[in-house]
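Here the structure is laid out as structure tokens; the discussion comes afterwards.
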Amino acid sequence: MSKSKVYFVKLNELNKIKDLLPSFDKPLGVKVHFGERGNISFVPAVYIKQIVEMINEPTLIETSVLYKSARRTAIGHKELAIEHGFDFAPVDFLDGEFGDDFMQVDIKGKHFQKAYLGKGLEKYKSLLVISHFKGHEMCGFGGALKNLGMGLASRRGKLAQHSSIKHEANKTKCVGCGLCVNDCPVNAIFFDSENKAEINKDICISCSKCISVCPQEAIRIPWKSIGREELQERVAEYASAGAQDRNCFFINFVINIVHNCDCNNEPMEKITADVGVLVSDNPVAIDQASYDLVLKQFPDFINHESEYQLKHTEELGLGSRQYELINI
Ligand code: SF4
Ligand code: SF4
């Protein structure tokens, strides 16, 4: 198998990336992560701005998260994006106001035959996926594959990757306001004899809209822990769905390397020195190269058991783990 090219650029020479970028078919979506409130490790807006200025007509794209956060709705997420300095380009939240707009993509995976991605993705012919490479609690590391797989999924898709279990209403917290009953797209929620919300799990499609609208935070997902291997394989399968039928290009910022992901709402200590910036058209190779470079200077990073996502995406044909690292 031929080796993919992965280019290495120093952080203070980001201008060199311009010559590496392909000519993108339009519309182009630039997939980013705006960082959780309180987090300081995400890729700073100033670097993303520098790259976006190299491109014509880019739109920053993102999706809502599953858990309690300003990033749970498009309005809250946009406010946070602006707070974090991402005010230099239009922003498109692919899964709509409440994270429940999705499109179905057929895949041939071990865990999934269909993936539920943010519906807005269908209009983009090209993607530039800009990722922060760092540790991750379950995936071992988060980079391009995680940004593609989890990052483009609608809330239904995110839930499918994390758990196969349906939502539940906490009857102690529920005050019977009825907002979730009115907003459920498939009428899966009804009131029990005590005027508390109850979810019909046979009807629920796991869109997670009820989580967004409930003012009492009474709807929860009873997380069933799945192992690292299975979660990483599920993310890999969603990554293959996100890349399907569009030109994709990848930039990994291997800086601010911390143990956990940018969804944490507090500052985290760096575990090793900044490495630099990697650029490639192959998401598997760029993550493999990022991982190898971090391991080289911080051997304990291997304890994260990160190989499953690389192995499974390669098996799915998303790209090769073999690469040639070229210093620019
Ligand atoms: S009950 Fe299920 S289908 Fe209805 S809003 Fe909640 S997650 Fe969506
Ligand atoms: S929105 Fe929340 S508080 Fe209101 S009925 Fe639904 S679960 Fe209960």
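As the structure lists them, so they are numbered: ligands from 1, and atoms in each ligand from 1. One-based numbering along the sequence shown.
A donor and an acceptor atom, one from each side chain of Asn282 and Ser4, are located under 3.5 Å apart. Inspection of the His312 and Glu237 side chains reveals an N or O donor paired with an N or O acceptor under 3.5 Å. When only modelled atom types and interatomic distance are considered, Asn39 and Asn265 share no side-chain donor-acceptor pair under 3.5 Å. In this model, a donor atom of one side chain and an acceptor atom of the other lie less than 3.5 Å apart for Tyr323 and Asp292. With no hydrogens or angles considered, a side-chain donor-acceptor pair links Asp262 and His132 at under 3.5 Å.
When only non-hydrogen protein atoms are considered, atom 6 (Fe) of ligand 1 lies nearest to Cys210 SG, 2.3 Å. For atom 3 (S) of ligand 1, the closest non-hydrogen atom on the protein side is Ile205 N, 3.4 Å. In this structure, atom 7 (S) of ligand 1 lies nearest to the protein heavy atom Ser208 N, 3.2 Å. With hydrogens left out, the protein atom closest to atom 8 (Fe) of ligand 1 is Cys207 SG, 2.4 Å, a heavy atom. Nearest protein heavy-atom neighbour of atom 2 (Fe) of ligand 1: Cys204 SG, 2.4 Å.
Side-chain rings of Phe133 and Phe141 approach one another, their centers coming within less than 6.0 Å.
Contact annotation: the side chain of Val275 approaches that of Gln297 to within less than 4.5 Å [non-hydrogen atoms, C-beta and beyond]. Contact annotation: the side chain of Asp274 never approaches that of Val254 to less than 4.5 Å [non-hydrogen atoms, C-beta and beyond].
Excluding waters, the protein N/O/S atoms found under 2.8 Å from atom 8 (Fe) of ligand 2 are Cys174 SG.
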query = Run the ring pair (Phe, Tyr, Trp, His ring centres under 6.0 Å) check on Phe42 and Phe34 step by step: do they pass?
reply = CA-CA 7 Å; Phe42 60 94; Phe34 297 125; 8.9 Å; no

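Near Val186, with a cut-off below 4.0 Å to any heavy atom, the atoms of ligand 1 are 3 (S). Counting the atoms of ligand 1 from 1 in the order shown, those under 4.0 Å from a heavy atom of His167 are 7 (S).
One finds no salt bridge joining Glu233 and Lys311 here, because no Lys/Arg side-chain nitrogen approaches an Asp/Glu carboxylate oxygen to under 4.0 Å.
Atom 6 (Fe) of ligand 1 lies at 2.8 Å or more from every N, O or S atom belonging to Cys184.
If you look at Ile189 next to ligand 1, the close heavy atoms, those under 4.0 Å, all belong to the side chain.
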